[in-house]
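One structure is given below, encoded as structure tokens.
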Amino acid sequence: MTITTFSRFGRRLSLSAFCSLFLSLSAQAQDTSDHQYTSASIQAGSRVYVQQCALCHGPQGDTIDGVNLRRGQFRTATSDEDLARIISGGAAGGRMPAFNLRPEELNGVIAYIRAGFDPEGVAIRIGDPARGKAIYDGKGECSECHRINGVGHRTAPDLSDIGLIRTPAILQASLTNPSSTLQPINRQVRLVTRTEEVVMGRRLNEDTYSVQLIDSNEQLRSLRKSDLVSYELSSVPVHQPTSLNSDEVADLVGYLLTLRGLE
Ligand code: HEC
Ligand code: HEC
């Protein structure tokens with residue numbers, strides 16, 4: 001288990017930690033060997049998409065009602081098998097035509113969609129949502145920090161609709177390469193007040209005069225900046241790259257994609 005806990009968070013704020021993390025990141029190579037989709041496949045898929053799909057779905061994949069291919073929002077499809085079936089067989093009584101693609105073209109265009117339309121994207125793999133849920137609830141210990149539809153803790157972002165707001169590529173990277181996906185608003189803060197109280201937590205909101213956060217006791221706090229003697233914002237994510245193997249990561253991504261809020 002390599003995810004750091006909140007108690008260790010204070011130590012991670014040091015400047016040298018920021019710098020060394022940054023350096024190690026730029027040198028890090030992405031291992032794609034055991035993934036289903038390679039970067040080459042994603043690039044091949046981008047060509048198929050531009051030639052065959054963009055006409056109707058648009059360059060950003062969002063021109064058809066209820067479908068946003070770049071964000072992974074579909075009408076009926078959830079798995080890669082569903083996507084393959086729809087692309088090869090057509091949909092909506094022929095309004096979406098059937099495509100007779102070669103296997104590598106079909107794989108490629110699915111990979112391109114799953115990579116969030118990023119031709120430079122890393123290999124993405126989407127596994128089984130049911131297995132992913134079991135990992136989430138079990139050995140992944142995700143609910144120690146996260147909350148889904150009211151269950152779990154509040155120290156980390158609520159994941160109830162994460163499948164709507166993040167692409168598969170970003171979800172995978174949140175686990176395998178967290179520094180690349182840290183959202184500014186999710187950054188950890190350490191505040192010291194005039195009364196010498198130290199408050200650590202996750203920033204929710206901030207304006208010129210105040211900052212709102214969830215502290216390490218899961219309390220919502222709003223503090224006036226004029227009451228603070230120090231305010232540090234960490235650029236180091238709480239997540240370390242996960243120690244789960246790539247099958248488990250794929251299953252977790254499959255599960256997270258099914259989280260679409262209360263529909
Ligand atoms: C002639 C227009 C057209 C072209 C070309 C086209 N599509 Fe579609 N596609 C549609 C329409 C219309 C829908 C909505 C179907 C519905 O209403 O259920 C759709 C839906 C989809 C869906 C969601 C289906 C679901 O039920 O979840 C996917 C995925 C998709 N298209 C992928 C592609 C890909 C990949 C290509 C290129 C290989 C492509 N489409 C080319 C018109 C098109
Ligand atoms: C120790 C607490 C902790 C645990 C355990 C944890 N997370 Fe997180 N997670 C966070 C925090 C805090 C963030 C906000 C970004 C950061 O600081 O890393 C986050 C961010 C995320 C995000 C990105 C959210 C966004 O808005 O894009 C995803 C996805 C995620 N976690 C999934 C998981 C999964 C899946 C597990 C279990 C394998 C897990 N987390 C375990 C604390 C945790």
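Indexing begins at 1, ligand by ligand and atom by atom, following the structure's order.
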Below 3.5 Å, N or O to N or O, backbone or side chain included: is there any such pair between Q183 and ligand 2? no
Could you tell me, atom by atom, which parts of ligand 2 come under 4.0 Å of a heavy atom of L182? 15 (C), 16 (C), 17 (O)
Just jot down the ligand 1 atoms closer than 4.0 angstrom to any heavy atom of F74, in number order. 27 (O), 29 (C)
Sub-3.5 Å N/O-N/O distance, N186 and ligand 2: yes
Please list the nearest protein heavy atom to atom 32 (C) of ligand 1 with its residue and the distance rounded to 0.1 Å. M96 CE, 3.6 Å
Below 4.0 Å, non-hydrogen atoms only: which portion of P237 touches ligand 2? Side chain, backbone, both or neither. both
State the atoms of ligand 1, each with its element, that fall below the 4.0 Å cut-off from a heavy-atom position in L83. 29 (C)
What atoms of ligand 1 come closer than 4.0 angstrom to any heavy atom of T76? 25 (C), 26 (O), 27 (O)
Evaluate whether atom CZ of R154 has more than 12 neighbouring non-hydrogen atoms of other residues, nucleotides or ligands under 6.0 angstrom away. no
With heavy atoms only and a cut-off of under 4.0 Å, state how R187 meets ligand 2: side chain, backbone, both or neither. neither
Given V211, which partner from the list V199, L233, L191 fulfils the side-chain contact (heavy atoms from CB on, under 4.5 Å) test? L191
How far is atom 20 (C) of ligand 1 from its nearest protein heavy atom, and which residue and atom name does that atom have? H57 CE1, 3.7 Å
Among all protein heavy atoms in this structure, tell me which lies nearest to atom 15 (C) of ligand 1, with the distance rounded to 0.1 Å. A92 CB, 3.5 Å
Among non-hydrogen protein atoms, atom 24 (C) of ligand 1 lies closest to I86 CD1, 3.7 Å
In the protein, which heavy atom is nearest to atom 28 (C) of ligand 1, and how far is it? L69 CD2, 3.7 Å
Test: D80 and R114 ion pair at under 4.0 Å: yes
So for ligand 2, is V238 a polar contact partner (N or O within less than 3.5 Å, distance only)? yes
With a cut-off of 2.8 Å, does any N, O or S atom of C145 fall short of it relative to atom 8 (Fe) of ligand 2? no
Regarding atom 25 (C) of ligand 2: of the candidates K139, E141, R166, H153, which has the closest heavy atom? R166
If the cut-off is 4.0 Å to any non-hydrogen atom of P97, which atoms of ligand 1 fall inside it? 1 (C), 3 (C), 4 (C)
Atom 8 (Fe) of ligand 2 to C142: any N/O/S contact under 2.8 Å? no
N or O contact, H239 vs ligand 2, cut-off under 3.5 Å: yes
Any donor and acceptor pair, going by atom type alone, linking the side chain of R187 with main-chain N or O of P237 inside 3.5 Å? no
How does I165 reach ligand 2, by side chain, by backbone, by both or by neither, if only non-hydrogen atoms under 4.0 Å count? neither
Same apolar cluster (I L V M F W Y, side chains within < 4.5 Å links), L171/L164: yes
In plain terms, say whether D215 and R221 are close enough for a salt bridge, that is, a side-chain N and a carboxylate O under 4.0 Å apart. yes
Verify, without hydrogens or angle tests, whether T63 (side chain) and G58 (backbone) share a donor-acceptor contact under 3.5 angstrom. yes
Counting both backbone and side chain atoms, is some N or O of A77 under 3.5 Å from an N or O of ligand 1? yes
Going by the 4.0 angstrom heavy-atom rule, the piece of T242 near ligand 2 is neither
Looking at D207, is its backbone amide N or carbonyl O close enough to the side chain of K225 to form a donor-acceptor pair, meaning the two atoms are under 3.5 Å apart? yes
For ligand 1, is there an atom lying under 4.0 Å from some heavy atom of I64? yes
Going by the order shown, which atoms of ligand 2 are within less than 4.0 Å of some heavy atom of I162? 24 (C), 25 (C), 26 (O), 27 (O)
Would E218 and R202 pass as an ion pair if we require N to O under 4.0 Å? no
Could K133 and D251 be called an ion pair, given the rule that one side-chain N must be under 4.0 Å from one carboxylate O? no
Would you find a donor on one side and an acceptor on the other, under 3.5 Å apart, between the side chain of E105 and the backbone of R102? yes
Do me a favour and list the nearest non-hydrogen protein atom to atom 1 (C) of ligand 1 with residue, atom name and distance? C56 SG, 2.6 Å
Derivation of the side-chain contact (heavy atoms from CB on, under 4.5 Å) call for Q73 and V67: CA-CA 5 Å; Q73 188 188 336; V67 179; over 6 Å; no
Counting from 1, what ligand 2 atoms have a heavy atom of Q188 closer than 4.0 Å? 12 (C), 17 (O)
Check: P178 main-chain N/O paired with S174 side-chain donor or acceptor under 3.5 Å: no
Backbone N/O of I214 and side chain of R203: donor-acceptor pair under 3.5 Å: no
If you count the atoms of ligand 1 from 1 in the order shown, which ones are under 4.0 Å from a heavy atom of C53? 34 (C), 35 (C), 36 (C), 37 (C), 38 (C), 39 (C), 41 (C)
Among P157, S174, S143, which one has a heavy atom closest to atom 23 (C) of ligand 2? S174
The protein heavy atom nearest to atom 16 (C) of ligand 1 is R75 NH1, 2.9 Å
Per-atom contacts of ligand 1 with I87, taking only distances under 4.0 Å to non-hydrogen atoms: 35 (C)
Distance-only N or O hit between ligand 1 and Q52, under 3.5 Å: no
Is the number of heavy atoms from other residues, nucleotides or ligands within 6.0 Å of CG (N245) greater than 12? yes
Give the intermediate values and the outcome of salt bridge (Lys or Arg N to Asp or Glu O under 4.0 Å) for residues E248 and K139. CA-CA 10 Å; E248 293 167 327; K139 72 186 279 196; 2.6 Å; yes
Using side-chain heavy atoms (C-beta onward) and a distance below 4.5 Å, is Q188 in contact with E232? no
With F117, which residues qualify under ring pair (Phe, Tyr, Trp, His ring centres under 6.0 Å), at least two apart? Y49, Y112
May I ask you to check whether H146 has an N/O atom sitting below 3.5 Å from an N/O atom of ligand 2? yes
Given Q212 and S210, is the side-chain hydrogen bond (donor to acceptor under 3.5 Å, both in side chains) satisfied, shown in steps? CA-CA 7 Å; Q212 285 79 43; S210 68; 3.1 Å; yes
Checking contacts here: is it the side chain or the backbone of L175 that comes within 4.0 Å of ligand 2, counting heavy atoms only? Could be both or neither. side chain
